[in-house]
Number of protein chains: 2
Amino acid sequence: MIKISSFNVNGIRAAHRKGFVDWVEESDPDIICIQELRALENQVPKQIRELDYHENYHVADKKGYSGVAIYSKEEPLKVEHGIGVDWIDREGRIIMAEFEKFRVFSIYAPSGTTGDVRQDMKMKFLADFIRFGERYANDDKPSVFCGDYNICHTEIDIHNPSKQHKTSGFLPEERQWVTEFLEVGYQDVFRELHPGEEDLYSWWSYRAASKERNKGWRIDYHLATPKMAEKAEEAEIEMKWDLSDHAPVSISYKL
Amino acid sequence: MIKISSFNVNGIRAAHRKGFVDWVEESDPDIICIQELRALENQVPKQIRELDYHENYHVADKKGYSGVAIYSKEEPLKVEHGIGVDWIDREGRIIMAEFEKFRVFSIYAPSGTTGDVRQDMKMKFLADFIRFGERYANDDKPSVFCGDYNICHTEIDIHNPSKQHKTSGFLPEERQWVTEFLEVGYQDVFRELHPGEEDLYSWWSYRAASKERNKGWRIDYHLATPKMAEKAEEAEIEMKWDLSDHAPVSISYKL
DNA sequence: CATAGGATG
DNA sequence: CATCATATG
């Protein structure tokens, strides 16, 4: 069994102060897909770097902004950064680690909440990203795209859906994009293991005590090819840790 | 007896979080000369504004920067802001409150620690300020200029003096300026009440545990005309409070 | 080392 | 509401 966790840490240094290392030791994932590192590699706290994982990073040009990583107990056979689109790759949003039996991606899609300019870039990112996804959809080697997509797919993925139809992250065109990505050949592994189950979220606003009231959004996914998804056994959102505004989404695969 | 406190709060909002109101209630000064407010008047915490003091402010153009105030139990007969030099007055460094029997000033001299440009401005400020001091030196009404001058006068006003002769705040020309200000007709009231006494400081760097080791500087003064200084009875640096990197310098005058 | 404001989420 | 960068001290 391989346990893979997807976790937007909202600043690895902040998460470290709140007990990131305790989480790693207790949850003990084999692979951790990190998003929003908000640090350069050499700014990652020493206690984290001393964990028994191979670390691979893809950071943004801009300091303190974005950045993804994959930590793995096993050393990857190959690591790739970005998707080959310059402006995207300078924002540190995609990294891939290839192992003998599968590939893992750590993905951080742009947020569109700050206005039209960023919303337009988000949609551009998504358009390019779907083509990137097509490259791996029919490959013999199973793949899983873990990360923060900043989109809730369906009404049960967001609290108070009726009031959110004009909110970035739940716009019709964004939700449609998730549907299209699934049509390319990916499966929403967490949802398949918890079909129809309500009130399962992976992000809560820091405002208005959203987490204690569980007024959240499910925007962090494992999107996997069928050969990967069929191996999934158990999926959990690790809500008990308060390390970030997101919670780790951890899934065990029988590989 | 009138107790006047001079206190660089290093951000009134931060000082408030650490118990500024407790200090006011326990120390109970009649007049508080505040420096480095680092807030607009309407950003001052409500609990402070609800204290039983008349408040008068002189803030900087730049938000979160500099700013002085005088809080007084009695309402001033007159309040004046600045010294009539535009660039100085836009930095919120001087306010005067006039009462029946005396005048009080709250002064915040520039720091020169960030480099030559600011050091030059500090010396320019001091040159203009000495002319401002001359206006009140021979006035019948006693005056006291309370504040943070960012200068240690003599070797006993700074820890480790032999190593500081090239440090902004203890440069020969700065120390000479204090001497000249005294020659204009002001007295260093705290020092006159504690002549020759060592290890009396009003500021400690936040670095290297300077305060617990009492590795400080005395840069906050009551500089008073003779008619004011002769009324001083008791002077204390209130080190027990940890509200700022400075401590309040409180002197009681028999007026 | 600490306080602010500003950008970003 | 929170994290980070930058200016200032």
Side-chain angles (χ1 to χ4, degrees), chain A residues 8-18 20 35-40 43-44 59-67 91-93 108-115 117-119 121-122 148-150 167-169 203-213 215 217 219-220 242-246, chain B residues 8-18 20 35-40 43-44 59-67 91-93 108-115 117-119 121-122 148-150 167-169 203-212 215 217 219 242-246:
Chain A
N8 178 319
V9 293
N10 190 25
I12 190 105
R13 286 169 287 183
H16 176 248
R17 290 193 292 272
K18 299 174 189 169
F20 179 86
Q35 301 90 35
E36 270 205 279
L37 210 61
R38 305 185 67 174
L40 304 176
Q43 294 175 312
V44 173
V59 301
D61 285 358
K62 197 199 293 192
K63 281 185 77 178
Y65 179 72
S66 188
E91 290 201 349
R93 298 186 175 277
Y108 176 44
S111 165
T113 57
T114 49
V117 173
R118 288 305 292 178
Q119 183 64 31
M121 292 177 88
K122 179 179 184 177
D148 174 4
Y149 289 80
N150 271 311
T167 308
S168 173
W203 173 81
W204 302 263
S205 167
Y206 279 122
R207 303 179 218 197
S210 301
K211 189 168 184 187
E212 26 176 296
R213 301 185 300 137
K215 301 295 184 193
W217 301 35
I219 60 181
D220 299 275
D242 266 311
L243 306 172
S244 161
D245 48 350
H246 296 248
Chain B
N8 178 320
V9 294
N10 191 23
I12 190 106
R13 286 169 286 184
H16 176 247
R17 290 194 293 272
K18 299 175 190 168
F20 179 86
Q35 301 90 36
E36 271 206 279
L37 209 62
R38 304 184 65 173
L40 303 175
Q43 294 175 313
V44 174
V59 301
D61 285 358
K62 197 197 292 192
K63 280 185 78 178
Y65 179 73
S66 187
E91 289 200 350
R93 297 187 175 277
Y108 176 44
S111 165
T113 57
T114 49
V117 173
R118 289 305 292 177
Q119 183 64 29
M121 293 178 87
K122 180 179 185 178
D148 175 4
Y149 289 81
N150 272 311
T167 310
S168 173
W203 175 81
W204 302 263
S205 167
Y206 278 122
R207 302 179 219 195
S210 301
K211 189 170 182 185
E212 22 176 297
K215 301 295 183 192
W217 301 35
I219 59 181
D242 265 311
L243 306 171
S244 160
D245 48 350
H246 296 247

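Since the structure is predicted, the reported quantities are computational estimates derived from the model, not experimental observations. In what follows, chains carry the letters A, B, and so on, assigned in the order in which the sequence lines appear, proteins first and then strands, with residues in each chain numbered from 1.
Taking A:Arg93 as the reference, A:Tyr65, A:Glu91 meet the side-chain hydrogen bond (donor to acceptor under 3.5 Å, both in side chains) condition, with sequence neighbours excluded. Under the side-chain hydrogen bond (donor to acceptor under 3.5 Å, both in side chains) criterion, B:Thr167 pairs with B:Gln164, not counting sequence neighbours. Taking the side-chain hydrogen bond (donor to acceptor under 3.5 Å, both in side chains) definition, one finds that A:Asn8 meets it with A:Glu36, A:Asp148, A:His246, sequence neighbours left out. Shown here are the salt bridge (Lys or Arg N to Asp or Glu O under 4.0 Å) partners of A:Lys215, two or more places apart in sequence or in another chain: there are none. The ring-ring contact (aromatic ring centres under 6.0 Å, His included) search around A:Phe20 returns A:Trp23, not counting sequence neighbours.
In this structure, B:Asn8 places its CG atom 11 Å from C1' of C:dT3, rounding to the nearest Å. Counting to the nearest Å, the P atom of C:dT8 and the OH atom of A:Tyr108 are 12 Å from each other. D:dG9 atom P lies 11 Å from atom CG of B:Asp148, rounded to whole Å. Look at CZ on A:Phe20: it is 15 Å from P on D:dT3, rounded to the nearest Å. At whole-Å resolution of the value, CD in B:Glu36 and P in D:dA7 are 18 Å apart. Rounded to whole Å, the distance from CH2 on B:Trp217 to P on C:dC1 is 18 Å. Atom CG of A:Asp220 is separated from atom P of C:dG9 by 15 Å (rounded to the nearest Å). Rounded to whole angstrom, the span from the CG atom of A:Asp245 across to the C1' atom of D:dC4 amounts to 14 Å.
Listed pair B:Thr114 / D:dG9 meets the phosphate criterion, a side-chain N or O lying under 4.0 Å from OP1 or OP2. Checking the phosphate oxygens (OP1, OP2) of D:dT8, a side-chain nitrogen or oxygen of B:Lys62 falls inside 4.0 Å. In this structure, A:Tyr65 does not reach the D:dT3 phosphate: none of its side-chain N or O atoms is under 4.0 Å from OP1 or OP2.
Contacts with DNA chain D (heavy atom under 4.0 Å) in residues 10-18 of chain B: none are found.
A donor-acceptor pair under 3.5 Å is absent between the side-chain atoms of A:Ser210 and the main chain of A:Trp204, judged by distance alone. One N or O on the side chain of B:Arg38 and one on the backbone of B:Gly64 form a donor-acceptor pair closer than 3.5 Å.
Along DNA chain D, the nucleotide nearest to A:Lys63 and the one nearest to B:Arg207 differ in position, and the one closer to the 5' end is contacted by A:Lys63.
Residue B:Gln43 is classed as a sugar-phosphate contact, given heavy-atom separations below 4.0 Å to backbone atoms only.
The A:Arg38 side chain lies nearest to D:dT3 when the options are D:dT3, C:dG9, C:dA2.
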